[in-house]
Each structure stands twice: as C-alpha cells, then as structure tokens.
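Data block below; observations after.
Heavy atoms only: backbone and side chains are in, while hydrogens, waters and symmetry mates are out.
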Amino acid sequence: MNLLKQFTTYESLLAIGVTLVMSGIILRGFAASTRRDLARREQHRLDERRTGEASLNEQLDRPPGWFEENLGLLANLILAAGVVISAVAFWRN
C-alpha cells in the first residue's frame, strides 16, 4: 500500500507523465523512420532491375513485423498516456 502511495504523489505522477510524453515523442520519430524504411523496401520490391549479387535483397524482401507496422500507434498511445497522467498529476495537486 505504501508503494502505491509513493507512485500516486504529485511529483511521481508528473515525473511518470513527462517521461511518457518524451518517450512518445521520441518513438514518433522512430515510427517516421520505420515508415520511410517500409516505403523504401516496397519500392525495392517493385524495382525490376534486381541482381542476384546484391547482398541486401534478402533483408529488403523480408515482410514487416508487427512492431514495425504498429510503432506509430504505440507511440501515440504512449504519448496520450503521458498527457493523461500529467493532467491527473496537475488535477491531484
């Protein structure tokens, strides 16, 4: 019970909220980079001038994973959770 009270103080909630907001902003940058990488791989798949000697063909042909497809959504959820927790911290004060 004491641990729960420590995490629900104004300072703790504000610190957690701000950390989540900053993490969400950073993850949004990673999500944009991932979208660009997925678009580059799609263009590579459409390119007809492939050579069998290129060592990047196997890496570029791999399908995107779940994390790559949903990174933007996760970043937005983390950002929104940080904003909500920060607002709760201000409301609690």
Side-chain angles (χ1 to χ4, degrees):
M1 200 63 178
N2 191 21
L3 184 65
L4 182 63
K5 286 184 179 185
Q6 281 182 325
F7 280 125
T8 57
T9 63
Y10 166 73
E11 293 86 9
S12 295
L13 285 176
L14 189 59
I16 292 169
V18 169
T19 301
L20 287 175
V21 167
M22 293 305 297
S23 299
I25 291 171
I26 291 169
L27 281 176
R28 285 176 59 118
F30 286 135
S33 176
T34 301
R35 281 192 303 272
R36 286 190 297 271
D37 186 52
L38 290 175
R40 182 178 58 89
R41 281 196 264 159
E42 181 65 28
Q43 287 298 323
H44 180 75
R45 276 194 290 275
L46 297 175
D47 189 14
E48 296 177 356
R49 299 174 295 148
R50 291 193 200 181
T51 64
E53 300 166 350
S55 63
L56 294 177
N57 283 345
E58 294 88 26
Q59 181 186 7
L60 293 173
D61 282 341
R62 68 178 170 83
W66 181 89
F67 187 72
E68 288 177 324
E69 289 179 351
N70 296 310
L71 186 58
L73 176 65
L74 291 173
N76 288 334
L77 286 175
I78 290 171
L79 181 66
V83 168
V84 168
I85 290 173
S86 296
V88 167
F90 283 116
W91 176 68
R92 186 171 171 96
N93 189 8

(message) L14 vs F90, test: side-chain contact (heavy atoms from CB on, under 4.5 Å). Steps then yes/no.
(response) CA-CA 8 Å; L14 189 59; F90 283 116; 3.9 Å; yes
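The two residues L13 and V88 have their closest heavy-atom pair at CD1-CG1, 4.0 Å. Heavy-atom minimum distance, G82 versus V21: C-CG2, 3.5 Å. Summarising the geometry of I78 relative to G24, their closest heavy-atom pair is CG2-N, 3.8 Å, with the distance given to 0.1 Å.
No side-chain heavy atom of L20 sits under 4.5 Å from any side-chain heavy atom of L79. For the pair T34 and F67, the minimum side-chain heavy-atom distance is 4.5 Å or more.
Under the 4.5 Å side-chain contact rule for hydrophobic residues, L3 and I16 share a cluster. Note on L74: it does not cluster hydrophobically with V83, by side-chain heavy-atom contacts below 4.5 Å among ILVMFWY residues.
Partner L73 forms a side chain to side chain contact (heavy atoms under 4.5 Å, CB included) with one of L77, L71, N76 and no other, that one being L77. Partner of S23 under the side chain to side chain contact (heavy atoms under 4.5 Å, CB included) criterion, chosen from T19, I26, I25: T19.
Residue F30 places its CZ atom among 12 or fewer non-hydrogen atoms of other residues, nucleotides or ligands, all under 6.0 Å distant.
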